[in-house]
Amino acid sequence: MIRVFLVAAACCLIAVLGLPADAAPGAESPASANSASAAVSRYTVTADILNVRGEPSLTAPVIGKLKQGAVVEKLEESGEWFRVRAGELTGWAHSDYLQPADDGTVTGPDEDGLTDAAPPPSNPKAIGRGIRGTASRKPVETETADNAVRTGHVLGDAVRVRTGPGTDYEIEGHLNRGDRVSVIASEGEWYRIETESGLAGWIAAAYIGFRTDGDSAGDALRGRVIVVDPGHGGNDSGTIGTTYGTYEKTLNLSTALLLKRELELRGAVVVMTRAADEEKPSLQERVEIAARSGGDAFVSIHYNSAETKASGILTFYYSAGKDKPLAAAIEHRLAEGGLGLDSNGISFGNFHVVRENSLPAVLLELGFLTNERDEGLARTESYQLAAARAIAQGLEDYFASQEERS
């Protein structure tokens, strides 16, 4: 009775003072309370690494990360975003990367700021390429797009395909980053798509990408072997951002994985010098991986630091004959790619992974983590994806020009 009285008194005090409910210590927002009573309140992360953001927006700062298999508690939702809690971490995650969990314990972040993966649910929903679900609502008919059928590719993992152009329609299935689709119609911010496997439905337009008129034509990257080198790793964090405390090694890896997907989308074979945060190959081991790969090019991904407020992108080469043409092609795309940071051109760089490399090799510094604006941009998935696309386009240009000379 005392506890009930105190809660009632607290609610009255909030009403009198005109404060929002979440201003009171321990108070829960109405949305949270509604979510708590929902049939499903625990979700499992389906992405390899899921960003948790401070607000329900792709442009909001990343405040934490969740590993695949982690189980979280859903607190509320806003459109396609869920506010989730895992241990001490509370923030917003995109619902496309969360599926209802049958069981599991909510897990908090570890020393690296990532949650430990909980055991996957015993009967997880199928998440994969072209896997169909059960449709119970007829899709909305709409006019065919003016430009007839266009071929696009999916920009996210486990992206929902719905039976109609809106989040209130049933989920028809899921597609993953790099999956090719035919866009046959559009309505508002939604595309109607079909896949070669027969999956058809609607996807939010934000998750579909197209080649632009500025993209290089042809299949210059098809069959090419590209070695992608995310700098640092393990106990070597690289530069640490001076504003947000961002670890360079983390940005290097996330950007490199986006580059891997972009290259594979264009038909390339990608060899990674490391593919996990805990891995830390030596500089010589990275060069040896490149030599054994039988590759065609080597790209090392880094972010920069300086004692001054230096800003922008730098592209380094070592050999004027072997490396400089590749550096020039990639730098051109980075400069013209609308990333939000200026390119400072190409420069000679006496870096081991470039100097000792038998492949045409470049080392990219994609922004200064000692500059507040650079670091803020570099932390966003949109910036990293734009950089990855520009690098992939630069590689296409390089190989296309090599073919023209041969």
Side-chain angles (χ1 to χ4, degrees), residues 29-32 34-41 43-47 50-53 55-60 72 74-84 91-101 124-210 381-382 385:
S29 69
S32 298
N34 291 338
S35 297
S37 63
V40 177
S41 62
Y43 287 76
T44 302
V45 174
T46 61
L50 176 60
N51 289 329
V52 178
R53 301 179 182 274
E55 300 291 339
S57 168
L58 287 173
T59 60
V72 302
K74 174 186 169 186
L75 302 178
E76 59 180 298
E77 63 182 278
S78 176
E80 292 286 281
W81 293 83
F82 288 172
R83 185 167 175 259
V84 299
W92 292 89
H94 203 283
S95 61
D96 277 348
Y97 309 121
L98 295 166
Q99 67 178 17
K125 287 189 176 181
I127 303 294
R129 298 179 183 274
I131 296 175
R132 298 175 67 92
T134 301
S136 61
R137 187 170 180 177
K138 185 178 179 181
V140 172
E141 298 297 330
T142 187
E143 296 296 323
T144 303
D146 294 338
N147 295 329
V149 176
R150 290 184 292 168
T151 299
H153 58 274
V154 179
L155 301 178
D157 289 320
V159 176
R160 295 169 179 175
V161 180
R162 297 184 180 271
T163 58
T167 57
D168 57 330
Y169 288 86
E170 297 292 329
I171 297 173
E172 179 80 358
H174 295 81
L175 292 172
N176 289 321
R177 190 186 303 271
D179 285 345
R180 291 185 179 275
V181 298
S182 295
V183 177
I184 58 177
S186 65
E187 182 172 307
E189 296 299 315
W190 293 79
Y191 288 141
R192 187 176 180 184
I193 60 92
E194 291 182 355
T195 69
E196 293 179 357
S197 65
L199 176 63
W202 294 82
I203 288 182
Y207 289 104
I208 299 295
F210 302 97
E381 185 178 17
S382 59
L385 182 57

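Reckoned from all heavy atoms, side chains included, excluding hydrogens, waters and symmetry mates. Fair warning: this is a prediction, and the values are worked out from it, not measured in the lab.
- The structure places CD1 of Ile184 at 4.5 Å from CZ of Arg192, a figure rounded to the nearest 0.5 Å.
- For the pair Val84 and Ala93, the tightest heavy-atom approach, listed with the atom from each and the gap, is CG2-CB, 4.3 Å.
- Across every non-hydrogen atom of Ala200 and Glu194, the tightest pair is CB-CG, 3.8 Å.
- Between Tyr43 and Pro100 there is a side-chain heavy-atom pair separated by less than 4.5 Å.
- Scanning both residues, Leu98 and Arg160, for their nearest heavy atoms gives O-NH2, 3.6 Å.
- Between the CG atom in Asp168 and the CD atom in Glu170 there is a gap of 9.5 Å [rounded to 0.5 Å].
- Going from atom CD of Glu381 over to atom CZ of Arg53 covers 6.0 Å, rounded to the nearest 0.5 Å.
- Here the side chain of Arg180 pairs no donor or acceptor atom with the backbone of Glu196 at under 3.5 angstrom.
- Between Trp202 and Tyr169 the shortest side-chain heavy-atom distance does not fall below 4.5 Å.
- Interatomic distance, Asn51 CG to Trp92 CH2, rounded to the nearest 0.5 Å: 16.0 Å.
- Taking every heavy atom of both residues into account, Glu77 and Phe82 meet most closely at CB-CD2, 3.5 Å.
- Here the closest heavy-atom approach between residue Trp190 and residue Ile203 is recorded as CE3-C, 3.4 Å.
- Note: Leu175 CG to Leu199 CG = 5.0 Å, rounded to the nearest 0.5 Å.
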